[in-house]
Protein chains: 2
Amino acid sequence: MAQITPTPIRLQEALYELMWHQSYGRVTIDAICERAGVRKGSFYHAYPDKATLAIEAFEFAWKNEAKPWLDDAFSPSEAPLTRLANWLDGGLQKTLQCQQEHGKVYGCPLFNVGSELSTLEPTVAEKVVEILRRNRRYIMTALRDAQAEDLIEIDDADEVARDVLTLVEGALTQARISNSADPIRRLPLSVGRLIGALIPRPSNLTVS
Amino acid sequence: MAQITPTPIRLQEALYELMWHQSYGRVTIDAICERAGVRKGSFYHAYPDKATLAIEAFEFAWKNEAKPWLDDAFSPSEAPLTRLANWLDGGLQKTLQCQQEHGKVYGCPLFNVGSELSTLEPTVAEKVVEILRRNRRYIMTALRDAQAEDLIEIDDADEVARDVLTLVEGALTQARISNSADPIRRLPLSVGRLIGALIPRPSNLTVS
DNA sequence: ACGCTACTTGACTAATTAGTCAAATCAAGC
DNA sequence: GCTTGATTTGACTAATTAGTCAAGTAGCGT
């Protein structure tokens, strides 16, 4: 078959979406193959197991979705706190769009799957930690700039960046559990409280 | 067999610990029965399915573990911010003890399982939401008292209580994913930042 | 056109798992 | 001690699932 997209990529996309919408454990190899339009033999030709595929799926999603989005939202061309606003607003918009389409709030696949697999598939959990760390760098940079421009007063940008990410991921998980976007809607105020400043309105109104 | 503990309770305890240490999806009925020392027929005599058992397991754990602990930590006999300190420190101590025993940090079963099941078993997720709400009330009460005693300055105790719980649950999940108690260790400072006050030392040094 | 390699297919096995059920056992009242 | 109802047991079925493999096919360089 002359597939438009190569098999490994289709498998990555299939597992990524399935485990985000359901859970890692609930997704069978058969389900991945069905969604990817591929037979099981091809799966095992491309990957030795589900965990290996999951790791590549996360990396693929980072490179093709998360990173471009974050690079845009956290562009140094914007004022530091506006970057945070763009990021939070972008997440909310994505959530609302997804909610309209599927009737569900799915939260953050990294956090969901990472928490599910930490004790069962350490290699996947390690990948999650790595990507979360990449996320944190964006926040830290913005906070440092905000501090340098006297927009906020914090002692340790790294520590506060951890807290911001923790709060945001916590809210995304709350949103998933309660199937409601409200915890995400509240985030600008909440993050503002945490860093001791008002998060402005976002500048960037595009949604992918 | 004259079991010391009745079968339903043993099943609840078995599933609770297994799904906390592993994940809900990974735990089979057989595994529950084995750990409870009970045959599968008895399981189906006591419960129609795993989800129903999970809901009762959460309620059981609330009544017998969480509530007594929270009632103690958040006792109005203590100063409001000391209550928060007791709560956070108690969680850390539990985590460290568990880490010493099993070599793993498991985080919060409510949040882990809630996030895993929100799209798959809504009834279980609803139970999780309910118990999280109970948790929030303790925080809210302490914050109101702190506000009344001019220890903190917040506009809406309910909103801030949500943020505190979100931050704490987020940190517990981070701790699970990275298998490290550090995110929990940081919590007094982080929560202090969020409510704009220094969390004092805990008064209560007992660990169950 | 030929041959080589990489990929795909479908049919297969073995193992796990949820769920059922009739028979056996227990506990409690009489 | 007997009866009755609740509980437990172990053996069973049917379905799902991971993983294998020999044979087939497509694509590419020559």
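By convention in this document, chain letters (A, B, ...) are assigned in the order of the sequence lines, proteins followed by strands, and residues within each chain are numbered from 1.
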Any idea which of C:dG10, D:dA18, C:dA18 is nearest the A:Arg39 side chain?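 That would be C:dG10.
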Looking at D:dA18, D:dG10, C:dT17, which one has an atom nearest to any side-chain atom of A:Tyr44?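 So the side chain of A:Tyr44 is nearest to D:dA18.
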All N/O contacts under 3.5 Å from nucleotides 21-25 of chain D to the protein, with atom names and distances to one decimal?
none

Residues in ring pair (Phe, Tyr, Trp, His ring centres under 6.0 Å) with A:Tyr138, at least two apart?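 For A:Tyr138 the ring pair (Phe, Tyr, Trp, His ring centres under 6.0 Å) partners, ignoring immediate neighbours, are A:Phe74.
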For A:Ile55, give me all partners under side-chain contact (heavy atoms from CB on, under 4.5 Å), at least two apart in sequence or on another chain.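 side-chain contact (heavy atoms from CB on, under 4.5 Å) check on A:Ile55 returns A:Thr123, A:Val124, A:Lys127.
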Could I get the full list of side-chain contact (heavy atoms from CB on, under 4.5 Å) partners for B:Glu13, not counting sequence neighbours? B:Ile9, B:Phe60
Listed by chain and number, what are the salt bridge (Lys or Arg N to Asp or Glu O under 4.0 Å) partners of B:Asp156, not counting sequence neighbours? none
Over how many whole Å does the gap from [X] atom [atom1] to [N] atom [atom2] extend?
| X | N | atom1 | atom2 | result |
| --- | --- | --- | --- | --- |
| A:Tyr47 | D:dT20 | OH | P | 18 Å |
| B:Asp30 | C:dT20 | CG | P | 14 Å |
| B:Phe43 | C:dC21 | CZ | P | 17 Å |
| B:Glu34 | C:dT17 | CD | P | 11 Å |

Using a cutoff of under 3.5 Å, can you pull out all pairs of nitrogen or oxygen atoms linking the protein to nucleotides 5-7 of chain D, with atom names and distances?
{"unit_1": "D:dT7", "atom_1": "OP2", "unit_2": "B:His45", "atom_2": "NE2", "d": "3.2"}

